[in-house]
*Asks:* 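Have a look at this one.
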Amino acid sequence: QVQLVESGGGLVQPGGSLRLSCAASGFTLDYYAIGWFRQAPGKEREGVSCISSSDDSTYYADSVKGRFTISRDNAKNTVYLQMNNLKPEDTFRYYCATGAICDNYSILGMDYWGKGTLVTVST
């Protein structure tokens with residue numbers, strides 16, 4: 001069983017915070033770049049953030065820069081996305097994916113995807 005499982009989504013008011021988790025099972029995340037993506041129904045998936053495997057360099061889309069922080073905990077085989085000062089336009093289903101390297105806030109050589117976790121920002 002090889003899988004990625006996202007968790008931590010939910011309903012939050014504008015200005016609130018959530019921490020998303022991406023937990024790997026059946027393989028090790030240490031040597032992968034990890035990207036977070038988001039998608040609305042019927043729309044194209046867009047990159048949010050990426051963290052490299054080589055030096056833990058991080059990259060962010062302009063829309064989330066300064067509000068979101070990506071990090072990894074190799075001991076727990078988990079990657080996180082801390083989301084602060086959330087806005088209604090952050091309402092998407094969020095996915096994590098493994099790849100070879102970060103391409104800015106996207107990722108190249110994608111291998112595994114999770115099923116996503118829904119984030120709804122609303123009053």
Side-chain angles (χ1 to χ4, degrees):
Q1 293 183 320
V2 175
Q3 63 181 159
L4 292 172
V5 179
E6 300 95 335
S7 62
L11 175 64
V12 64
Q13 296 190 81
S17 297
L18 289 172
R19 188 180 73 162
L20 306 184
S21 297
C22 174
S25 299
F27 69 103
T28 301
L29 289 176
D30 299 44
Y31 300 102
Y32 291 90
I34 311 296
W36 282 97
F37 300 81
R38 62 191 190 183
Q39 187 173 29
K43 303 296 183 180
E44 294 185 353
R45 185 179 297 163
E46 62 182 56
V48 176
S49 182
C50 189
I51 184 167
S52 70
S53 62
S54 58
D55 60 358
D56 282 348
S57 295
T58 58
Y59 308 88
Y60 301 93
D62 288 343
S63 59
V64 307
K65 191 173 297 182
R67 300 186 297 120
F68 291 9
T69 303
I70 189 171
S71 62
R72 64 163 76 228
D73 187 340
N74 289 337
K76 296 182 178 180
N77 214 24
T78 301
V79 172
Y80 304 98
L81 185 68
Q82 179 66 45
M83 309 165 69
N84 297 328
N85 192 24
L86 285 161
K87 304 175 180 180
E89 52 263 44
D90 295 319
T91 297
F92 292 94
R93 193 166 187 88
Y94 285 74
Y95 302 84
C96 63
T98 63
I101 59 172
C102 292
D103 180 15
N104 202 352
Y105 52 84
S106 188
I107 200 166
L108 297 177
M110 297 180 188
D111 293 308
Y112 301 112
W113 291 86
K115 294 182 178 180
T117 185
L118 181 63
V119 172
T120 302
V121 185
S122 177
T123 57

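Note that the structure is a prediction, hence the values are computed from the model and not measured. The chain is numbered in sequence order, starting from 1.
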*Asks:* Quick one: does any side-chain atom of N104 pair with a main-chain N or O of S106 as donor and acceptor, under 3.5 Å?
*Replies:* no
*Asks:* Mind jotting down which residue pairs meet the salt bridge (Lys or Arg N to Asp or Glu O under 4.0 Å) criterion with at least one end in residues 103-123? Sequence neighbours excluded, please.
*Replies:* none
*Asks:* Enumerate the ring-ring contact (aromatic ring centres under 6.0 Å, His included) contacts for residues 34-54, please, sequence neighbours excluded, ordered by first and then second residue.
*Replies:* F37-W113
*Asks:* So Y31 and N74, do their side chains get closer than 4.5 Å, heavy atoms only?
*Replies:* no
*Asks:* Do M83 and L20 come within less than 4.5 Å of each other through their side chains, counting heavy atoms only?
*Replies:*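 Yes, their side chains come closer than 4.5 Å.
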*Asks:* Are Y80 and I51 connected in a single hydrophobic cluster, I mean Ile/Leu/Val/Met/Phe/Trp/Tyr linked by side-chain heavy atoms less than 4.5 Å apart?
*Replies:*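 Different clusters.
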*Asks:* Would you list the pairs meeting disulfide bond (SG atoms under 2.5 Å apart) in which at least one residue belongs to residues 13-48, sequence neighbours left out?
*Replies:*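 Only C22-C96 qualify under disulfide bond (SG atoms under 2.5 Å apart).
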*Asks:* Are the side chains of R93 and Q39 in contact, using a 4.5 Å heavy-atom criterion?
*Replies:* no
*Asks:* Please enumerate all residues that pass side chain to side chain contact (heavy atoms under 4.5 Å, CB included) together with S25, with sequence neighbours excluded.
*Replies:*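 Checked S25 against side chain to side chain contact (heavy atoms under 4.5 Å, CB included); matches are Q3.
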*Asks:* Nearest 0.5 Å, what's the CZ-CG distance between R72 and N77?
*Replies:* 9.5 Å
*Asks:* side-chain hydrogen bond (donor to acceptor under 3.5 Å, both in side chains) with S53: which residues, sequence neighbours excluded?
*Replies:*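 Once residues adjacent in sequence are excluded, S53 has no partner under the side-chain hydrogen bond (donor to acceptor under 3.5 Å, both in side chains) criterion.
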*Asks:* Nearest heavy-atom pair of S21 and T78: which atoms, and what distance?
*Replies:*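 Result for this residue pair: CB-CG2, 4.2 Å.
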*Asks:* Rounded to the nearest 0.5 Å, what separates atom CG in L18 from atom CG in L86?
*Replies:*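 Rounded to the nearest 0.5 Å, the CG-CG separation comes to 5.5 Å.
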*Asks:* Looking at K87 and D90, is there a salt bridge between them, counting it only when a charged N and a carboxylate O are closer than 4.0 Å?
*Replies:*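 Judged by the 4.0 Å cut-off on N to carboxylate O distance, D90 and K87 do not form a salt bridge.
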*Asks:* Given the rule that I, L, V, M, F, W and Y join up when any side-chain heavy atoms are under 4.5 Å apart, are V79 and M110 in one cluster?
*Replies:*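 Unlinked, V79 and M110 end up in two clusters.
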*Asks:* Tell me, please, which residues at least two apart from N85 pass side-chain hydrogen bond (donor to acceptor under 3.5 Å, both in side chains).
*Replies:*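 Residues passing side-chain hydrogen bond (donor to acceptor under 3.5 Å, both in side chains) with N85: none at all.
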*Asks:* Does anything in residues 38-84 form a disulfide bond (SG atoms under 2.5 Å apart)? List the pairs, not counting sequence neighbours.
*Replies:* C50-C102
*Asks:* Is it the case that the side chains of T28 and D30 hold a donor-acceptor pair, with the cut-off being a distance below 3.5 Å and no angle test?
*Replies:*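 No.
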*Asks:* Which residues pass the side-chain hydrogen bond (donor to acceptor under 3.5 Å, both in side chains) test with S71, sequence neighbours left out?
*Replies:*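 S71 satisfies side-chain hydrogen bond (donor to acceptor under 3.5 Å, both in side chains) with no residue once adjacent residues are dropped.
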*Asks:* Can you list the residues that meet the side chain to side chain contact (heavy atoms under 4.5 Å, CB included) rule with T123, with sequence neighbours excluded?
*Replies:* P14
*Asks:* Look up atom CD1 in I107 and atom OG in S52, then write down how far apart they are to the nearest 0.5 Å.
*Replies:*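 I107 atom CD1 to S52 atom OG measures 10.0 Å (nearest 0.5 Å).
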*Asks:* Does T58 use its side chain to pair, donor to acceptor, with the backbone of I70 at less than 3.5 Å?
*Replies:*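 No, T58 side chain to I70 backbone: no donor-acceptor pair under 3.5 Å.
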*Asks:* Counting only pairs under 3.5 Å, give me each side-chain donor-acceptor contact of residues 41-49, with atom names and distances, residues two or more places apart or in other chains.
*Replies:*
residue : atom : partner : partner atom : Å
E46     : OE2  : R38     : NE           : 2.9
E46     : OE2  : R38     : NH2          : 3.3
S49     : OG   : Y59     : O            : 2.9

*Asks:* Test: ring-ring contact (aromatic ring centres under 6.0 Å, His included). Region: residues 84-111. Which pairs qualify, not counting sequence neighbours?
*Replies:*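 Residue pairs passing ring-ring contact (aromatic ring centres under 6.0 Å, His included), neighbours aside: none found.
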*Asks:* Other hydrophobic cluster members with L108, side-chain heavy atoms of Ile/Leu/Val/Met/Phe/Trp/Tyr under 4.5 Å, chained?
*Replies:* I101
*Asks:* Can you tell me how far CG of L4 sits from CZ of F27, rounded to the nearest 0.5 angstrom?
*Replies:*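 Separation between the atoms: 4.0 Å.
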*Asks:* Rounded to the nearest 0.5 Å, what separation is found between the OG1 atom of T91 and the CG atom of L118?
*Replies:*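 Those atoms lie 8.0 Å apart.
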